[in-house]
Amino acid sequence: VYSDQRIINMERTIITTLQWRLNPPTPILFLHYFLSFFSINGIIGAADTTNGEYKRILELAKQQIKLGIKDNLFIGSYASHLAVAALTNSIHAIKSTSCNGNNYYHDEIIQKTISNITIQNGFCSEDIALYQDYLWTFLVKEEYLLPKIQRNNNNDKS
């Protein structure tokens, strides 16, 4: 039989070992994880607070996730799928408004990176595509977002 103090000590050891990360992975957690792949591959700039493009992509993806988790479609879906779909939409939106029409190279690398993430993690690409479409629809309904992205991109060019 274990004493109360021994159980408390073991719980403290477990929690400390886990560094207090006791919640399941969220779409935002996956978003940061997957965003690092795009930074590594040179598709977007470094993941730091001074990188405007990185911040816009992150902000737009977070907004999509916040809009998406309110919808019944995403009940029971994987947090990682929602994150990949939101991130893909965000990168395409930001890159399409900042590449001056010369984005074939970026599109190819983006698709390859997304494909690698999808395959390596065993994601269903049809689900990801469906989620992307839904999230994009949510974004378009939030009319203030897309003009805001375009304004931010124009500010970076000047």
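Just the heavy atoms: all of them, side chains too, but no hydrogens, waters or symmetry mates, feed the values below.
Thr26 OG1 to His32 NE2: the interatomic distance, rounded to the nearest 0.5 Å, is 8.0 Å. Lys55 contributes atom NZ, which lies 9.5 Å from atom CD of Glu59 (distance to the nearest 0.5 angstrom). The structure places CD1 of Ile69 at 7.5 Å from CD1 of Ile28, a figure rounded to the nearest 0.5 Å. Taking CG of Leu82 as the start and OG of Ser77 as the end, the distance is 6.0 Å to the nearest 0.5 Å. With values rounded to the nearest 0.5 angstrom, Leu139 atom CG is found 7.5 Å from Gln63 atom CD. Distance check: Leu35 CG to Phe30 CZ gives 14.5 Å after rounding to the nearest 0.5 Å.
Using a 4.5 Å heavy-atom cutoff, the side chains of Tyr33 and Ser80 are not in contact. At a threshold of 4.5 Å between non-hydrogen side-chain atoms, the residues Ile117 and Ile114 do not count as touching. Between Leu58 and Tyr54 there is a side-chain heavy-atom pair separated by less than 4.5 Å.
Residues that satisfy the side chain to side chain contact (heavy atoms under 4.5 Å, CB included) test with Tyr134, not counting sequence neighbours, are Leu73, Phe74, Leu130, Phe138. Residues that satisfy the side chain to side chain donor-acceptor pair (under 3.5 Å) test with Gln120, not counting sequence neighbours, are absent from this structure. Under the side chain to side chain contact (heavy atoms under 4.5 Å, CB included) criterion, Ala61 pairs with Leu31, Ala86, Ser90, not counting sequence neighbours. Judged as a side chain to side chain contact (heavy atoms under 4.5 Å, CB included), and not counting sequence neighbours, the contacts of Ile14 are Met10, Leu18. The side chain to side chain contact (heavy atoms under 4.5 Å, CB included) check on Thr16 picks up Arg12, with sequence neighbours excluded.
Within a 6.0 Å sphere centred on CG of Asn23, heavy atoms belonging to other residues, nucleotides or ligands number more than 12.
Grouping Ile, Leu, Val, Met, Phe, Trp and Tyr by side-chain contacts under 4.5 Å, direct or through others, leaves Tyr78 on its own.
Aromatic ring orientation, His81 versus Tyr131: tilted (interplanar angle from 30° to 60°).
Of all the heavy atoms in Pro25 and Ala79, the pair that sits closest is O-CB, 3.8 Å. Minimum heavy-atom separation, Gln132 to Thr88: NE2-CG2, 3.1 Å. Taking each heavy atom of Ala85 and Ile128 in turn, the nearest pair found is CB-O, 3.9 Å. Considering all non-hydrogen atoms of both residues, Leu60 and Ala93 come closest at CD2-CB, 3.8 Å.
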